[in-house]
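Right, one structure below, let's go through it.
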Amino acid sequence: MRARITPLGTLLALVAGLLTALVTTTPAQAAPLFKAPFPCGQKWTYSHHSAEVRQALDFVRSDGGTTAGTPVLASASGTARRYSQPTGAGNYIVIDHGSGWKTYYFHLNAYSVADGAWVSQGQQIGTTGTTGNSSGAHIHYEQLYNGVGQSIVINGASLAPYPGSYGSKFLTSDNGCSGGGGGKYWVDTFANATGYAQANTNDPQGVLYAGTNYVYCKVWGQEIRDGSGNYNHWWLRTDLDSVHAGKNGNGAYVSAYYLSRWGNDEARDNNGTVIPNC
């Protein structure tokens with residue numbers, strides 16, 4: 001019996017087809033597990049305007065808290081670079097996450113990290129503002145792969161299709177809920193303490209009861225001082241025991257002044273461990 005010989009042209013066609021299949025099915029590098037660019041427990045609404053580039057989304061708070069001045073958090077770890085474009089993006093940060101992935105955060109009121117700093121997921125990189133070409137405080141947020149804007153994905157779920165206005169779609173953040181310090185830190189507080197949306201007394205959210213409580217991390221903020229000269233600038237992020245109507249008790253801030261031990265401008269847990277920065 002004769003062996004069947006495949007014509008050369010047929011072989012070349014088969015090889016070309018195989019090469020084409022390999023090229024077209026090579027997947028993009030997997031994206032990081034991006035989280036919302038705002039603090040744990042906060043609820044924000046988002047929208048997309050037709051003039052926006054690169055499939056960006058704009059976020060504003062919808063849980064009763066103020067948008068302006070709210071921390072902007074890294075969606076994933078990476079190297080942060082600071083930029084300024086007064087006629088456009090304003091103060092903004094780009095985080096390079098590696099493997100072609102970057103996130104952009106526009107219109108910041110202020111930066112919270114140095115240019116070129118390595119940041120962890122959930123770390124504060126700035127505060128929400130309206131610098132540059134902006135009509136009001138918001139977070140302009142983008143995800144890019146190899147320089148091309150991608151549909152925003154948070155916790156593995158796409159936020160598309162995008163709404164054209166605020167108030168129809170919402171996102172509650174779980175970014176930074178583990179505290180940025182590897183877990184919870186147990187502290188004793190000597191009195192009931194009001195918790196606030198930020199490290200100041202502008203927006204009360206509820207109350208943390210006196211006793212043994214957990215906190216996640218600390219930030220520097222408004223000084224709290226009493227008539228005896230005791231004071232503290234540190235604020236502790238925690239979850240409140242009671243919440244005011246229309247407010248949010250998750251990820252609120254309580255002054256470290258209420259710690260039962262340690263001294264002025266100290267923030268340590270019951271074992272003496274310095275509570276990490278958020």
Side-chain angles (χ1 to χ4, degrees), residues 35-47 58-74 90-91 105-112 122-131 134-141 166-167 170-177 179-180 187 189 191-210 213-226 231-259 265 267 275 277-278:
K35 291 187 176 294
F38 45 87
C40 172
Q42 292 184 2
K43 182 180 180 181
W44 293 51
T45 183
Y46 56 90
S47 70
D58 292 333
F59 290 88
V60 297
R61 286 192 72 171
S62 59
D63 57 9
T66 56
T67 298
T70 293
V72 178
L73 307 186
N91 301 323
Y105 312 77
F106 286 7
H107 309 304
L108 301 176
N109 179 61
Y111 305 110
S112 300
Q123 181 175 339
Q124 180 174 334
I125 58 173
T127 54
T128 305
T130 185
T131 57
S134 169
S135 60
H138 68 284
I139 300 174
H140 170 111
Y141 176 72
Y166 297 123
F170 303 86
L171 179 66
T172 299
S173 176
D174 68 345
N175 197 0
C177 291
V187 299
T189 54
N192 291 349
T194 300
Y196 297 88
Q198 305 302 327
N200 56 52
T201 57
N202 295 337
D203 189 8
Q205 302 293 299
V207 176
L208 182 73
Y209 297 148
N213 297 284
Y214 63 81
V215 299
Y216 296 119
C217 54
K218 71 180 189 301
V219 298
W220 191 257
Q222 177 182 335
E223 180 190 86
I224 301 298
R225 180 183 290 267
D226 64 22
Y231 65 89
N232 212 304
H233 287 85
W234 289 113
W235 290 74
L236 309 174
R237 189 163 71 190
T238 187
D239 301 321
L240 303 180
D241 295 308
S242 67
V243 182
H244 299 329
K247 299 297 183 177
N248 177 29
N250 294 326
Y253 292 89
V254 170
S255 174
Y257 165 84
Y258 290 96
L259 294 179
D265 278 345
I275 296 165
N277 294 340
C278 296

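Since the structure is predicted, the reported quantities are computational estimates derived from the model, not experimental observations. All values below come from the heavy atoms of this structure, side chains included, with hydrogens, waters and symmetry mates left out.
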Arg61/Thr67 under side-chain contact (heavy atoms from CB on, under 4.5 Å): CA gap, chis, key distance, verdict: CA-CA 5 Å; Arg61 286 192 72 171; Thr67 298; 3.6 Å; yes

Are side-chain heavy atoms of [X] and [Y] found at a separation under 4.5 Å?
{"X": "Tyr166", "Y": "Asp58", "result": "yes"}
{"X": "Val219", "Y": "Arg237", "result": "no"}
{"X": "Lys43", "Y": "Thr172", "result": "yes"}
{"X": "Pro39", "Y": "Leu73", "result": "yes"}
{"X": "Lys218", "Y": "Asn277", "result": "yes"}
{"X": "Val215", "Y": "Ile275", "result": "yes"}

On a heavy-atom basis, which atom in [X] and which in [Y] lie closest, and how many Å separate them?
{"X": "Thr194", "Y": "Pro204", "value": "CG2-CB, 3.9 Å"}
{"X": "Tyr105", "Y": "Pro37", "value": "CE2-CB, 3.9 Å"}
{"X": "Thr128", "Y": "Asn109", "value": "O-CB, 3.6 Å"}
{"X": "Gln198", "Y": "Pro71", "value": "OE1-CD, 2.7 Å"}
{"X": "Ser112", "Y": "Gln124", "value": "OG-NE2, 3.1 Å"}
{"X": "Gly167", "Y": "Thr45", "value": "N-OG1, 2.8 Å"}

Would you find a donor on one side and an acceptor on the other, under 3.5 Å apart, between the side chain of [X] and the backbone of [Y]?
{"X": "Asn192", "Y": "Ala210", "answer": "yes"}
{"X": "His233", "Y": "Gly221", "answer": "no"}
{"X": "Asn91", "Y": "Leu108", "answer": "yes"}
{"X": "Gln205", "Y": "Asn248", "answer": "yes"}
{"X": "Thr130", "Y": "Gly136", "answer": "yes"}

Residues Trp44, Ile139; criterion side-chain contact (heavy atoms from CB on, under 4.5 Å); working and verdict: CA-CA 10 Å; Trp44 293 51; Ile139 300 174; 3.7 Å; yes

Sole residue of Thr189, Asn232, Asp226 in side-chain hydrogen bond (donor to acceptor under 3.5 Å, both in side chains) with Tyr257: Asp226

Can you measure from [atom1] ([X]) to [atom2] ([Y]) and round to the nearest 0.5 angstrom?
{"X": "Cys40", "Y": "Asp174", "atom1": "SG", "atom2": "CG", "value": "7.0 Å"}
{"X": "Thr70", "Y": "His138", "atom1": "OG1", "atom2": "NE2", "value": "13.5 Å"}
{"X": "His140", "Y": "Ser134", "atom1": "NE2", "atom2": "OG", "value": "10.5 Å"}
{"X": "Gln42", "Y": "Asn250", "atom1": "CD", "atom2": "CG", "value": "10.0 Å"}
{"X": "Asn213", "Y": "Leu240", "atom1": "CG", "atom2": "CG", "value": "9.5 Å"}
{"X": "Ser255", "Y": "Arg225", "atom1": "OG", "atom2": "CZ", "value": "11.5 Å"}

Partner of Tyr46 by ring-ring contact (aromatic ring centres under 6.0 Å, His included), out of Phe59, Tyr141, Phe170, Phe38: Phe59

Matching residue for Trp235 among Trp220, Tyr196, Tyr253 - test: ring-ring contact (aromatic ring centres under 6.0 Å, His included): Tyr196

Partners meeting side chain to side chain donor-acceptor pair (under 3.5 Å) with Asp239 (sequence neighbours left out): Tyr214, Tyr216

Residue of the set Val207, Ile224, Thr238 for which side chain to side chain contact (heavy atoms under 4.5 Å, CB included) holds with Val254: Thr238

CA sep, side-chain torsions, deciding dist, call: Lys247, Asp203, side-chain contact (heavy atoms from CB on, under 4.5 Å): CA-CA 9 Å; Lys247 299 297 183 177; Asp203 189 8; 2.9 Å; yes

